[in-house]
Amino acid sequence: MTYNQEAAMRSLRGAQNRKEGEVFEELIEKACSVYKDRHIANIEKTPEPMKILRPMGEGKFLSCFTKSAQPDFKGTLCGGQAICFDAKATSTGKIPISALTQEQVDSLKEHDVLNAATGVLLCFSFRTFAFVPFIVFMKAKELNGHKHWTEQDAEPYRVHMNNGYLDFLGKFTCFKAY
């Protein structure tokens, strides 16, 4: 067997991207917990549709995905409005609109038609975060001149860390007195 440097680099980049995605989702879940505790929103991670193929003992199992992934997060904002969004992270400086699967696009469109708050939460190398409304995200070519989003393109939709959590809701929230 010969060493393939290109394949090794792809494997390393893939592992790095998966880890960054996991850390980004942990940031989002922490924010969701803060929002829930403050009665601002109840947003949950959408479980991946999978089928167990074989139990392996000790709580482990072999499984496979049964269909394409849905948007990553769904829930309800205080006041009753639904929210549905996907999360995308990159260390390359750009996120293509093709990063959304067709099933995710279709689902976000359906939620948008029903007046849910829909969007794509973007993370650029953990430096810049932005919550881009779904319809705006899909118009990248028209708005930005290319079929992807950069930190500069996303600047008008930028969201910030706030007291230790990623405050991605910003303008979507209302505050109830409890």
Side-chain angles (χ1 to χ4, degrees), residues 12-38 40-46 69-79 81-175:
L12 183 61
R13 272 194 304 275
Q16 181 181 5
N17 290 342
R18 282 188 298 280
K19 186 62 180 170
E20 286 177 0
E22 288 173 19
V23 172
F24 183 38
E25 285 193 356
E26 287 172 13
L27 269 177
I28 297 167
E29 291 189 57
K30 180 178 180 185
C32 291
S33 179
V34 170
Y35 293 142
K36 186 174 182 177
D37 290 348
R38 295 181 182 173
I40 293 170
N42 185 357
I43 301 169
E44 297 174 330
K45 172 88 172 92
T46 305
Q70 299 175 34
D72 291 327
F73 293 88
K74 295 177 186 163
T76 307
L77 303 173
C78 92
Q81 183 180 21
I83 184 168
C84 179
F85 65 93
D86 201 70
K88 299 293 180 196
T90 186
S91 56
T92 67
K94 60 184 180 180
I95 298 174
I97 59 174
S98 63
L100 291 177
T101 67
Q102 189 58 52
E103 181 164 310
Q104 290 168 328
V105 169
D106 292 344
S107 180
L108 286 162
K109 276 183 189 175
E110 288 177 28
H111 283 86
D112 191 71
V113 166
L114 295 171
N115 292 321
T118 57
V120 183
L121 184 55
L122 307 179
C123 171
F124 296 95
S125 301
F126 293 94
R127 265 191 323 267
T128 303
F129 302 93
F131 192 100
V132 180
F134 168 69
I135 296 302
V136 174
F137 181 82
M138 295 306 292
K139 292 182 179 179
K141 174 79 170 154
E142 183 180 319
L143 298 170
N144 308 324
H146 41 252
K147 293 182 179 183
H148 61 266
W149 285 84
T150 64
E151 286 181 67
Q152 184 178 358
D153 299 331
E155 187 61 35
Y157 307 99
R158 191 170 185 164
V159 295
H160 301 278
M161 295 297 287
N162 181 6
N163 295 322
Y165 73 96
L166 179 61
D167 189 10
F168 64 86
L169 285 181
K171 62 185 172 268
F172 289 116
T173 61
C174 64
F175 296 90

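Worth knowing before you read on, the calculation uses all heavy atoms, side chains too, and leaves out hydrogens, waters and symmetry mates.
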Asp106 and Gln102: CA distance, side-chain angles, deciding distance, side-chain contact (heavy atoms from CB on, under 4.5 Å) verdict: CA-CA 6 Å; Asp106 292 344; Gln102 189 58 52; 2.8 Å; yes
I need the [X] [atom1] to [Y] [atom2] distance, nearest 0.5 Å.
X	Y	atom1	atom2	answer
Thr118	Glu110	OG1	CD	12.0 Å
Arg38	Ser33	CZ	OG	10.0 Å
Leu166	Phe24	CG	CZ	6.5 Å
Phe134	Cys84	CZ	SG	9.5 Å
Cys123	Glu25	SG	CD	11.0 Å

How would you list, by chain and number, every residue that makes a side chain to side chain contact (heavy atoms under 4.5 Å, CB included) with [X], sequence neighbours excluded?
X	result
Thr90	Thr92, Ile95, Phe124
Val136	Val132, Pro133, Leu143, Trp149, Tyr157
Glu20	Gln16, Asn17, Ser91, Phe126
Glu22	Lys19

What I'd like to find out is whether the side chain of [X] reaches to under 4.5 Å of the side chain of [Y], using heavy atoms alone.
X	Y	result
Asn144	Gln152	no
Asp72	Ile28	no
Leu100	Lys88	yes

So, for [X] and [Y], which heavy atoms are closest and what is the spacing to 0.1 Å?
X	Y	answer
Met138	Ile97	O-CD1, 4.1 Å
Gln70	Gln104	O-NE2, 3.4 Å
Pro71	Leu108	CG-CG, 3.8 Å
Asp167	Tyr35	OD1-OH, 2.6 Å
Lys36	Asn42	CD-OD1, 4.1 Å
Phe137	Pro96	CZ-O, 4.0 Å

Is there a donor-acceptor pair under 3.5 Å between the side chain of Asp112 and the backbone N or O of Lys109? no
Tell me whether Lys30 contacts the main-chain N or O of Gly164 through its side chain, where contact means a donor paired with an acceptor under 3.5 Å. yes
If the condition is salt bridge (Lys or Arg N to Asp or Glu O under 4.0 Å), which residues does Lys74 pass it with, not counting sequence neighbours? none
Applying ring-ring contact (aromatic ring centres under 6.0 Å, His included) to Phe85 and not counting sequence neighbours gives Phe73, Phe131, Phe168
Do Leu169 and Ile83 pass the side-chain contact (heavy atoms from CB on, under 4.5 Å) test, and can you show the C-alpha distance, the side-chain angles, and the key distance before you say yes or no? CA-CA 10 Å; Leu169 285 181; Ile83 184 168; 3.5 Å; yes
Counting only heavy atoms not in Lys45, do more than 12 fall under 6.0 Å of its NZ? yes
Verify whether one side chain among Thr128 and Glu151 offers a donor that lies under 3.5 Å from an acceptor in the other. yes
